[in-house]
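Inspection log for the structure reproduced underneath, given as structure tokens.
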Amino acid sequence: MFGLNLDACIIDLPEKYYTLHDYEKGVARWCPGCGDHAVLSAVQRLCKEEQLPPEKTMFVSGIGCSSRFPHYMNTYGFHGLHGRAFPVACGIKFRRPDLNVFVVTGDGDCCSIGAGHWIHAIRYNMNMTVLLFDNQIYGMTKKQTSPTSPMGTMSNTHPHGSVLPPINPLLTTLGVSNVSFVAQTADWIPSHLYATIRKAYEHPGFSFVKISMRCPKFMPAAVDAKVSDKEHVCLLTHENGVPVDDATGRVFSNHLEHDPTDMNQARQLAANEEISYLGLLYQNKAALRYDLYGAHNLNYTPEQKIAAINQELERFTV
Ligand code: SF4
Ligand code: MG
């Protein structure tokens, strides 16, 4: 007669299994066809695949169309001031390293008013996933020239065409000391978008993803050019890079093998204005992390915190 070992029949189940619905909130108010919808779907999918507890997940944004993102995530969120997403996110990560921190920022928010914070956040290299929604225009304020608008862009601030060459967010990021992760993707290639955000999430440090975005409301011509011109796109391939599935690889047939530890080649690719290189440009998992440096005494009680503050203040007693 066979004995039945009941212990062997017990299956460990997670306390709760999160579905996509657990991460959804409200109805996104972006225009039909706006690239922001695609990123929202990809991020909600990532949260579900990784089973990120909503109460342990934080989306921080500044101001702009893309910065409405936290409103549509059923997690914690901070829709803050223009250009100030980075200091808020760094503060959160510094004292709550247990949280999954995401920053959602636009080309105006990040590369103009927030540029000072952007540079230092790259250098601090705290563990967070940064999504730059680059549609090359201020959308929310109705078509003003942004720092990434191509030269000659007709806008409400430059009706005869913008006069300065744009900032290149990839090159700028690659130029900051202690940079640890730089990637590029596009909102209209959903499989690549998802794979890139996932790779960024897995990186132990400040992972910067520039997403080429469609703004059909104010940049329709740019959208048509971006989406229809497959020759303009080259997918970066490497065993340590962003994985490219077969279907995407067939549709976008320009490929380049690129080692993401090669900073010189990363900068050359980022500087190329004719071709958009999509994938992982640069990664250094060994870059120093300021959030690890500062992670002391996180388990202090409120009383211990007050005692520690008072002790510090006593040093200034005259
Ligand atoms: Fe999207 Fe442009 Fe509409 Fe803003 S204005 S929601 S960026 S399409
Ligand atoms: Mg914009």
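All ligand and atom numbering here is 1-based and tracks the order in the structure. Please read these numbers as outputs of a predicted model, since none were measured by experiment. Below, each value reflects all heavy atoms present in this structure, side chains not excepted, and no hydrogens, waters or symmetry copies.
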Please find out if atom 4 (Fe) of ligand 1 and some N, O or S atom of Cys215 are separated by less than 2.8 Å.
-> no
Tyr124 and Phe86 aromatic centres sub-6.0 Å = no
Of all the atoms in Cys31, is at least one N, O or S atom closer to atom 1 (Fe) of ligand 1 than 2.8 Å?
-> no
What residue and atom, counting heavy atoms only, is the protein's closest point to atom 7 (S) of ligand 1, and at what distance?
-> Asn135 ND2, 3.3 Å
For ligand 1, does Asp36 get within less than 4.0 Å through its side chain, its backbone, both, or neither, judged by non-hydrogen atoms?
-> neither
Any chance the side chains of Thr196 and His192 put a donor and an acceptor closer than 3.5 Å?
-> yes
is_close_aromatic(His203, Phe181), centroid dist under 6.0 Å = yes
When every non-hydrogen atom of Pro147 is compared with those of Ser112, the smallest separation belongs to CG-CB, 3.4 Å
For the residue pair Trp30 and Phe133, is the inter-centroid distance of their aromatic rings smaller than 6.0 Å?
-> no
Is the distance from the Mg ion (ligand 2) to the nearest N/O/S atom of Asp107 under 2.8 Å?
-> yes
Can you tell me if an N/O/S atom from Ile137 lies under 2.8 Å from the Mg ion (ligand 2)?
-> yes
Measure from the Mg ion (ligand 2) to each N, O or S atom of Asn135 and report whether any distance is below 2.8 Å.
-> yes
